[in-house]
Asker: 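One structure follows; several queries about it will come next.
The shown structure was predicted, so the numbers you read here are calculated from the model rather than taken from an experiment. Note that the numbering runs from 1 along the sequence shown for the chain. Order of appearance sets the numbers: ligands from 1, and atoms from 1 within every ligand.
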Amino acid sequence: MQTEIIKTLNLTKTYNGVSALKNLNLTVNRHSIFGFLGPNGAGKSTTIKLLIGLIQPTAGGGKIFGYDIKNESMKIRARIGYLPQEPSFYDHLSAREVLEFTARFFFSGSKKELNKRVSEMLDLVSLLDKADRSIKGYSTGEKRRLGIAQATINYPDLLILDEPAASLDPIGRQDVLSIMSKLQNYTTIFYSTHILDDVQKVSDSVAILNRGQLIAQGPIKDILKNKEEETIFNVKVQGDISKVKRELILQKWISNVNVTQLSEKGDYQLGITVSDDEYAQKNLIRELLNLNLTICEFQRQEYELEDVFMKLVEG
Ligand code: ADP
Ligand code: MG
């Protein structure tokens with residue numbers, strides 16, 4: 001089984017001379033919940049439309065399940081589910097009717113099996129109790145959940161969701177995120193969003209797009225590690241601190257030491273900025289022990305996606 005579900009190579013789209021996507025190289029692995037993050041106008045929807053063959057690239061290309069996105073779109077579409085950014089439904093139908101209608105296009109089993117699948121999907125998105133009412137009265141969140149059910153009903157190997165949580169209230173967003181988490185056991189999910197918080201909650205991998213360009217990609221853990229040359233270690237110590245700052249700063253891999261007194265009894269918080277992260281992981285504690293300090297807490301400073309995002313987008 002291949003592990004790379006989506007792979008693009010210099011995927012590029014220009015609309016009438018205006019560049020919307022530049023040389024995108026993206027890799028999405030099986031069973032990830034891949035967050036495609038970027039502000040409005042970054043090129044997220046453009047990328048998604050290119051992937052599923054709704055528009056053609058100006059240059060570059062890509063593969064999904066090993067099929068070419070330009071020439072083998074039909075094979076790709078047979079195995080994916082897609083939720084557009086602004087899904088629209090026939091308002092006079094009920095949720096159950098919409099799902100039955102969609103399912104009928106591909107379902108080869110009996111009517112009974114089809115009905116079972118429809119109910120299963122309605123249950124997954126918590127619409128069973130409203131299933132037979134017309135969609136007209138549905139809230140935005142309910143419509144979005146129905147859209148996810150619709151995209152998922154044919155057992156897709158890849159689910160592509162364009163801003164599934166946009167313009168929902170916090171509860172509506174949470175509902176969508178938890179549905180996505182449940183679906184991860186069955187499929188790979190590639191979804192776009194401009195909401196950082198959501199990415200941090202459900203995604204394992206992320207790509208950050210800004211003005212048509214990829215500015216970071218990888219497991220969230222790696223992106224959250226401060227990618228700058230400097231890392232800060234926060235250490236709580238007890239002991240005589242008088243010479244510590246002077247001694248530490250002599251090390252060429254330590255660039256700054258910030259000392260905060262925590263109590264009268266000799267508790268201190270040290271913020272130690274290092275230039276060599278790996279070296280510090282191995283040697284910083286020993287250095288501190290050599291200075292006769294008792295170490296109460298030792299922690300590498302983690303960064304929130306928000307910080308990293310702002311840095312990347314501004315930089
Ligand atoms: P996102 O989904 O990240 O908000 P889009 O992919 O929709 O961004 O848009 C990226 C850029 O491409 C924007 O500047 C947008 O105005 C432009 N764009 C998108 N679709 C078209 C189109 N059909 N014609 C011209 N420009 C477009
Ligand atoms: Mg969009």
Side-chain angles (χ1 to χ4, degrees), residues 6-28 32-62 64 69-70 73 76-77 80-89 140-141 143-148 150-151 158-169 172-173 176-177 179-180 188-203 205-218 220 223 305-306 308-315:
I6 301 178
K7 179 108 191 151
T8 70
L9 187 65
N10 295 325
L11 190 61
T12 298
K13 180 70 184 179
T14 306
Y15 291 108
N16 306 320
V18 181
S19 162
L21 190 66
K22 284 171 234 161
N23 295 320
L24 177 71
N25 293 309
L26 197 68
T27 305
V28 177
S32 54
I33 301 191
F34 195 102
F36 193 40
L37 180 66
N40 287 330
K44 303 183 295 297
S45 295
T46 299
T47 304
I48 287 175
K49 287 179 199 157
L50 288 166
L51 288 176
I52 62 180
L54 291 179
I55 55 175
Q56 290 290 311
T58 314
I64 298 185
I69 59 169
K70 279 182 280 189
S73 196
I76 293 171
R77 284 192 219 178
I80 64 172
Y82 165 55
L83 175 69
Q85 188 166 346
E86 275 143 20
S88 61
F89 300 103
T140 315
K143 282 187 189 165
R144 202 68 64 78
R145 272 152 39 211
L146 174 58
I148 295 176
Q150 190 181 28
L158 169 66
L159 200 50
I160 298 182
L161 311 172
D162 197 352
E163 301 261 10
S167 65
L168 299 183
D169 61 25
R173 269 169 52 201
V176 165
L177 297 182
I179 293 168
M180 285 165 59
T188 303
I189 301 177
F190 179 79
Y191 76 103
S192 73
T193 182
H194 63 275
I195 309 166
L196 264 167
D197 206 34
D198 293 350
V199 173
Q200 221 156 356
K201 277 188 192 134
V202 297
S203 304
S205 302
V206 61
I208 302 177
L209 194 69
N210 190 40
R211 296 187 192 172
Q213 281 181 303
L214 189 68
I215 49 180
Q217 169 170 221
I220 292 218
I223 302 237
L305 195 51
E306 182 109 49
V308 178
F309 183 76
M310 290 317 288
K311 238 181 226 171
L312 289 168
V313 170
E314 283 163 6

Asker: Quick one: closest heavy-atom pair of H194 and L37, and the distance?
Answerer: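 So the two residues come closest at C-CD1, 4.1 Å.
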Asker: Using the side chain to side chain donor-acceptor pair (under 3.5 Å) criterion, which residues pair with S32? Sequence neighbours excluded.
Answerer: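 Testing S32 for side chain to side chain donor-acceptor pair (under 3.5 Å), a comparison that skips the adjacent residues, returns none.
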Asker: Could you give the distance from OH (Y82) to CG (D162), rounded to the nearest 0.5 Å?
Answerer: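 So the gap between those two atoms works out to 5.5 Å.
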Asker: Quick check: closest heavy atoms across I48 and L161, and the distance to 0.1 Å?
Answerer: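 Nearest heavy atoms, I48 then L161: CD1-O, 4.2 Å.
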Asker: Going from OG1 on T188 to CD1 on I6, what distance comes out if it is rounded to the nearest 0.5 angstrom?
Answerer: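 Output value for this atom pair is 8.0 Å.
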Asker: Looking at M180 and I33, what are the two nearest heavy atoms and their distance?
Answerer: O-CD1, 3.8 Å
Asker: Mind checking what residues have non-hydrogen atoms under 4.0 angstrom from ligand 1?
Answerer: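 Residues Y15, A20, P39, N40, G41, A42, G43, K44, S45, T46 each place a heavy atom under 4.0 Å from ligand 1, listed by chain and number.
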Asker: Does T12 reach the main-chain N or O of T58 with its side chain, forming a donor-acceptor pair under 3.5 Å?
Answerer: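 Pair absent, no side-chain N/O of T12 close to backbone of T58.
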Asker: Just wondering, are more than 12 heavy atoms of other shown residues or ligands nearer than 6.0 Å to CD in Q85?
Answerer: yes
Asker: Do any protein N, O or S atoms sit under 2.8 Å from the Mg ion (ligand 2), and which ones are they?
Answerer: S45 OG, Q85 OE1
Asker: Distance-only check: which donor-acceptor pairs under 3.5 Å involve side-chain atoms of residues 209-216, not counting sequence neighbours?
Answerer:
none

